[in-house]
Amino acid sequence: MGIIEKIKEIEAEMARTQKNKATEYHLGQLKAKIAKLRTQLLEPPKGSSGAGDGFEVTKFGHGRVALIGFPSVGKSTLLTLLTGTHSEAASYEFTTLTCIPGIIHYKDTKIQLLDLPGIIEGAAEGKGRGRQVIAVAKSSDIVLMVLDASKSEGHRQILTRELEAVGLRLNKRPPQIYFKKKKTGGISFNSTVPLTHVDEKLCYQILHEYKIHNAEVLFREDATVDDLIDVIEGNRKYMKCVYVYNKIDVIGIDDVDRLARQPNSIVISCNLKLNLDRLLARMWEEMGLVRIYSKPQGQQPDFTDPVVLSSGRGGCTVEDFCNHIHRNLIKDVKYVLVWGTSARHYPQHCGLGHALQDEDVVQIVKKKEKEDGGRGRFKSHSNAPARISDREKKAPLKT
Ligand SMILES: Nc1nc2c(ncn2[C@@H]2O[C@H](COP(=O)(O)OP(=O)(O)OP(=O)(O)O)[C@@H](O)[C@H]2O)c(=O)[nH]1
Ligand SMILES: [K+]
Ligand SMILES: [Mg+2]
């Protein structure tokens, strides 16, 4: 029996089993069995190079966004509108057969947008080119799930399930469960809060299913069995997802209003070019990019050419900033001067661990080098963090 048949069989058993206190342990075990099989399914088949049939696109720019959705929801139309790169759009399903990259220029950053073939129910198990598409989604920084506003809302749940089946967790944070395997000592099970979903016995059974007999488990929140399994599996990817309801030109205003109010959702129309600016702003915001303007001593920063950091990729500390400029720079840095929202006063003398924020201005002061003491344009005695205003950006620095 293949892995997919095994999963189907266990799913059928779960569906047959009534949910109550008596069956809770058995159901938990079945969930763990399915999770193990799904992980097996993700491993590339023996002998394959793991290459994805032309789906690999080189990463480019400061971040990557994947367009995921059912066929004919308007993914290609959207890519063409936002990037200017043409991607064939048509009224028939599966018009797009491969991964088509485009570039969005936004707020002095470059974002790689990927158009992909439509996916359908069963994608996670390999229907259509579902697995390749989902692999690309996993390689992205955020997902835009494109939905047809005039179609069933069930599509959103179906796609979410498909993505969850391969270990993606959308708009969730990792469960607050500390888990560490040990060599000896048995299982130590503790919690800092009252638990309503999982007890010691259930936890033991799940661990037993994974053949783990020595471990430390500490629940820091009232987590579920699924959360525990996610932590044990350890291969989950937590991603932001924006639900993009397209084609609002063909539905009534009441429906538009209802969809727009759903969490993490935005309504657009490619045909009427409605709300595309809001979509871009939202996408950019969710990516959590941090633009840092480098200020050479005695000169003004170049406000068109930021160093772009991201909390997802690498981090946003002064050290990350320095490493971004040059990998050997760090050993010469004495401290840095920071202007912007992360600074308590202007300029603030900061060390390598200081966390930078979007639009901060940074001047590196090297060892044995004289600083300009903040005599620049940004000198301020205010303690209130303030953004470098657009006006300040345009005005020349007097140094
Ligand atoms: N009414 C309406 N139709 C749209 C809109 N956006 C796209 N379409 C139409 O929807 C159809 C499908 O568009 P595509 O861009 O090919 O959709 P896709 O998601 O890329 O489709 P596949 O590549 O086949 O998965 C085309 O006929 C588009 O003209 C919109 O905002 N409103
Ligand atoms: K299409
Ligand atoms: Mg397409």
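For the single chain, residues carry numbers from 1 onward in sequence order.
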Just by distance, with hydrogens left out, do [X] and [Y] show a side-chain donor and acceptor under 3.5 Å apart?
| X | Y | answer |
| --- | --- | --- |
| S269 | N271 | no |
| E233 | T39 | yes |
| T17 | T23 | no |
| T184 | N214 | no |
| S76 | D115 | yes |
| E13 | H26 | yes |

So, [X] side chain and [Y] main chain: donor-acceptor pair closer than 3.5 Å or not?
| X | Y | answer |
| --- | --- | --- |
| N275 | R278 | no |
| K138 | V166 | yes |
| E125 | G122 | no |
| K247 | L147 | no |
| K8 | I3 | no |
| T83 | T80 | no |
| T317 | D320 | yes |

Measuring centre to centre across the rings, with the benzene-like ring taken for any Trp, is F219 within less than 6.0 Å of Y178?
no

[X] with [Y]: basic N within carboxylate O range, under 4.0 Å:
| X | Y | value |
| --- | --- | --- |
| R291 | D358 | yes |
| E153 | R258 | yes |
| D257 | R261 | yes |

On a heavy-atom basis, which atom in Y92 and which in S72 lie closest, and how many Å separate them?
O-OG, 3.3 Å

Take R38 and E164 through the test salt bridge (Lys or Arg N to Asp or Glu O under 4.0 Å) and record every step on the way to the result.
CA-CA 10 Å; R38 288 213 188 279; E164 291 207 325; over 6 Å; no

Between D360 and Y293, is there a side-chain heavy-atom distance shorter than 4.5 Å?
no

